[in-house]
Amino acid sequence: MQNLNKNNFLFNSVSSVKGVGLKLRKYLKNKKIEKIKDLLLDLPYEVTDRSKISDLNELEIGKIATVKVMVLKYNFPRIRNLPNKVICGDKDKKIDIVFFNSREGYIKKVLPIGKKIFISGKIGYYKKRYQITNPTYIELENNESKIAKIFPKYSLTEGITEKIYRKLVKQTLEKIQDDDDWHSQQFLKKNNFRGLKETLLNLHNAEKKINIQSNDYRRLAYDEIFSNLITLLSARRIVRIKKKKKKVHNNKFANIILKNFPFNLTKNQKKILKDLNDDIRSENRMFRLLQGDVGSGKTIVGLIVAANVIESNYQAAFMAPTEILSSQHYQLAKKLFSSTDIKIELLTSSIPHKNKKEIALKLANGEIDLIFGTHSLFQKKIKFLKLGFVVIDEQHKFGVKQRLDLAKKGGNNCDVLVMSATPIPRTMMLSFFGDMDISRLREKPKNRKDIITLIKPENKISELWPFLKKQISLDHQIFWVCPLIEQSNKLDYSSAKKKYDIIKKIFPGNVGLIHGNLDKSEKKIVLDKFLKKIIKILVSTTVIEVGIDFPSANTMIIENANKFGLSQLHQLRGRVGRGKNESTCVLLYKKNLSENAKKRLKILKSTNDGFLIADEDLKLRGHGDILGFQQSGIKNFKFADPIHHKDLFLLAEENIKNIDINNIKKFETLIKLYDRAEIINEIAN
Ligand code: ADP
Ligand code: MG
């Protein structure tokens with residue numbers, strides 16, 4: 001066990017490396033390299049090949065090359081700001097070697113007239129002649145071996161030369177101890193993994209042609225997944241270890257709400273409600289994710305549980321990512337709870353300061369039972385008398401750390417429910433939400449008709465006008481989504497503003513525009529108009545992506561649909577199809593769709609099932625294109641890739657079962673390597 005401390009130098013500051021002074025340390029910090037392990041886990045992204053010696057007539061401008069030339073002539077202008085030049089040549093051609101800020105003496109020493117020299121650097125072209133400016137390497141003919149053949153290339157920031165950086169990495173690589181691995185030899189062997197030192201040596205060795213499927217890379221990916229799982233499961237253990245007071249209730253308020261709710265709950269909603277009610281009644285804290293496709297009816301479930309929590313004499317908080325959404329939840333709750341004496345409030349940043357203070361006071365002395373709001377609910381100055389339940393809606397941007405902070409803030413008696421519409425493929429579930437229990441709402445309310453999805457080229461846009469006219473005459477409403485607000489010549493996006501002007505001319509008096517640059521009150525005015533059906537068409541950027549509920553909107557037009565990810569399109573489409581009318585989603589695309597884009601649009605056309613779409617999405621994406629996950633706000637891994645390392649995810653899930661999560665000391669170095677230690681320390685306190 002003491003062995004584990006051998007590699008502790010990994011967590012020392014880079015300033016402990018020989019040659020790293022204040023200045024270099026600052027540069028490294030800009031690259032987010034502060035500890036030695038950061039240096040080692042920053043893998044080269046490319047290889048510079050200087051092994052081939054090029055003739056001067058086969059040079060490529062802009063590429064790095066090594067040439068073997070004869071030094072012919074000096075050209076030292078001796079005028080300030082003009083560089084010194086040395087003209088060299090081989091059998092075919094001449095090349096200028098250009099030096100800024102180098103003294104004549106030095107130049108004469110490294111490039112003696114008449115000698116054959118190896119010079120390596122980036123090839124430029126100036127006044128009809130090749131040149132190399134400030135060459136990286138200059139070596140005499142008999143020193144060929146010193147021009148190392150192939151170099152790893154790191155994403156450097158200005159101020160650090162490749163040579164210095166590589167030297168730092170090399171120094172630290174040598175210090176790694178390989179005899180204290182957290183994996184057993186047997187495990188390593190079975191999976192074709194190597195010890196940490198060898199793994200890292202290989203990954204930094206440019207001659208090893210590493211890729212994402214190389215065993216060495218896979219070892220890092222596995223370690224990353226595994227440390228993530230340990231963290232999640234530790235979090236899970238710690239949240240549950242402290243017992244809470246059971247919440248006693250008889251569905252008194254819940255039944256009232258249900259009476260006021262115009263629909264019957266689906267079977268699936270009822271089943272989930274039962275689980276949630278069991279959670280709040282139990283002495284274990286609820287720490288649960290309710291995953292349900294857009295429009296599946298999560299809100300009512302959250303509100304009913306809140307009603308039961310309030311009945312058992314606790315306060316409940318309902319948090320949403322935007323003010324618009326919060327205020328919509330608040331309005332709904334006011335209606336549903338109207339015949340009760342439950343005190344409900346809305347706290348957003350746009351309400352007057354005086355009211356805010358009053359609300360804060362009432363939360364602290366228990367006069368408010370149910371509060372709606374955004375992140376503002378979790379400011380330090382907001383205190384609850386007896387918080388028993390927190391619901392976080394659509395808040396998939398919450399990482400493990402934030403979830404834990406929240407649980408902590410709520411206190412030991414606070415149950416936590418996170419509601420998300422982000423469909424995560426089944427294989428990824430544990431890796432993302434292993435700290436929580438999971439409920440899935442898969443059944444949609446019965447009154448829903450599937451959304452009909454059409455795919456159309458943008459040049460046939462005028463075919464839409466009669467269709468839209470008809471929808472408007474039927475008192476239906478329309479979303480029109482454009483990717484960007486300002487026309488950008490560089491990116492071929494449509495502009496919402498421009499589109500708004502066009503549509504306004506066709507449907508005068510019926511069109512509104514909403515985009516990210518409007519301030520909150522302006523946004524609210526437009527959305528209110530749309531809610532009250534004063535306007536029928538809402539042209540917007542993707543701001544409507546969050547779960548606003550407009551039951552009479554039944555048409556969604558998405559421009560440049562091929563520019564969106566599958567999940568994002570599905571979320572957007574989910575804004576319609578919430579009422580009883582048949583709904584349509586039109587995906588407009590510009591000509592020349594890529595094969596991949598075609599497939600994506602087809603999938604969307606063929607199904608309305610968010611979970612299926614998520615799985616397909618995963619299949620379609622290639623490496624380096626895991627963007628959908630980032631877009632959807634789910635934290636990505638640095639090395640592990642959900643597509644290419646699916647087997648490693650499964651392996652890690654299998655192996656974690658054999659770990660005693662109460663005793664994770666053995667994995668301390670591993671957890672620290674991937675920055676999870678802070679989280680674990682946090683929860684342990
Ligand atoms: P989401 O899961 O995306 O948050 P919402 O909770 O906003 O979905 O619900 C979408 C719409 O479905 C709302 O208008 C809501 O009133 C309605 N709804 C919820 N449950 C049912 C049900 N059982 N039957 C019919 N409509 C329902
Ligand atoms: Mg919702």
Side-chain angles (χ1 to χ4, degrees), residues 254-255 257-274 276 288-307 318-337 372-374 391-398 417-424 438-451 476-477 479 527 530-531 533 543-554 556 567-583 585 608-611 613-614 632-633:
N255 287 333
I257 292 190
L258 280 172
K259 225 180 269 163
N260 290 339
F261 192 60
F263 314 102
N264 293 324
L265 294 185
T266 62
K267 249 199 218 140
N268 206 178
Q269 279 171 320
K270 282 184 190 157
K271 161 79 179 68
I272 285 170
L273 260 177
K274 186 184 169 299
L276 297 181
R288 189 181 282 274
L289 174 75
L290 170 53
Q291 205 192 17
D293 210 350
V294 272
S296 59
K298 297 185 289 294
T299 318
I300 185 72
V301 173
L303 288 174
I304 290 173
V305 180
F318 210 110
M319 193 166 123
T322 64
E323 296 205 356
I324 296 165
L325 209 56
S326 280
S327 107
Q328 195 169 42
H329 288 154
Y330 169 69
Q331 304 295 345
L332 176 67
K334 286 254 280 208
K335 251 194 261 163
L336 294 176
F337 286 93
F372 290 86
T374 53
V391 183
I392 310 158
D393 188 27
E394 305 283 353
Q395 198 43 286
H396 36 249
K397 291 193 173 63
F398 260 49
L417 178 67
V418 177
M419 307 204 294
S420 167
T422 308
I424 296 164
I438 292 162
S439 296
R440 283 186 152 201
L441 193 46
R442 283 209 76 156
E443 181 189 17
K444 294 231 171 122
K446 288 196 189 57
N447 58 355
R448 295 291 152 70
K449 299 211 172 90
D450 266 351
I451 304 164
H476 298 160
Q477 291 179 291
F479 287 113
L527 285 172
F530 194 59
L531 261 176
K533 296 191 175 182
V543 286
I544 54 153
E545 204 185 332
V546 288
I548 311 170
D549 194 28
F550 296 99
S552 57
N554 78 331
M556 165 75 61
S567 301
Q568 211 182 359
L569 284 173
H570 177 66
Q571 298 260 330
L572 282 170
R573 181 171 65 176
R575 298 298 126 230
V576 298
R578 290 174 166 232
K580 54 190 181 311
N581 301 312
E582 183 154 273
S583 302
C585 173
N608 274 298
D609 183 333
F611 291 102
I613 289 173
S632 66

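Counting starts at 1 for both ligands and their atoms, following the listed order.
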Inset, instruction - Using a strict cut-off of 4.0 Å, indicate which atoms of ligand 1 neighbour a heavy atom of Thr266. - result: 23 (N)
Inset, instruction - Could you label the plane-to-plane angle of the Phe479 and Phe530 rings as parallel, tilted or perpendicular, counting under 30° as parallel and over 60° as perpendicular? - result: tilted
Inset, instruction - Enumerate the atoms of ligand 1 whose separation from the nearest heavy atom of Lys298 is less than 4.0 angstrom. - result: 1 (P), 2 (O), 3 (O), 4 (O), 6 (O), 8 (O)
Legend entry - With Lys533 via salt bridge (charged side-chain N to carboxylate O under 4.0 Å, His left out) - residues at least two apart: Asp475
Inset, instruction - Examine the proximity of ligand 1 to Asn264 and report which part, side chain or backbone, both or neither, has a heavy atom under 4.0 Å away. - result: backbone
Legend entry - Any Ser296 heavy atom less than 4.0 Å to ligand 1: yes
Show me the donor-acceptor pairs within less than 3.5 Å that the side chains of residues 258-265 make with the rest of the protein, sequence neighbours left out.
| unit_1 | atom_1 | unit_2 | atom_2 | d |
| --- | --- | --- | --- | --- |
| Asn260 | ND2 | Leu336 | O | 2.7 |

Inset, instruction - Evaluate the side chain to side chain contact (heavy atoms under 4.5 Å, CB included) criterion for residues Phe318 and Met419: first the C-alpha distance (whole Å), next the side-chain angles of each, then the deciding distance (0.1 Å), finally the verdict. - result: CA-CA 11 Å; Phe318 210 110; Met419 307 204 294; 3.9 Å; yes
Legend entry - For Gln269, atoms of ligand 1 separated by under 4.0 Å from a heavy atom: 19 (C), 20 (N), 22 (C), 23 (N)
Legend entry - Under-4.0 Å heavy-atom contact with ligand 1, by part of Met419 that carries it: neither
Legend entry - Distance-only donor-acceptor check, side chains Glu323 and Thr374, under 3.5 Å: no
Legend entry - Test of proximity, Gly295 against ligand 1: N or O pairs below 3.5 Å: yes
Inset, instruction - Answer yes or no: is there an ion pair linking Asp293 with Lys444, defined by an N-O contact shorter than 4.0 Å? - result: yes
Legend entry - Polar proximity ligand 1 side, Gly297 side, N/O cut 3.5 Å exclusive: yes
Legend entry - Which segment of Thr299 sits under 4.0 Å of ligand 1 when only heavy atoms are counted: both
Legend entry - Leu265 neighbourhood, listing ligand 1 atoms whose heavy-atom distance to it stays under 4.0 Å: 23 (N)
Legend entry - Heavy-atom side-chain contact between Ile304 and Gln269 under 4.5 Å: no
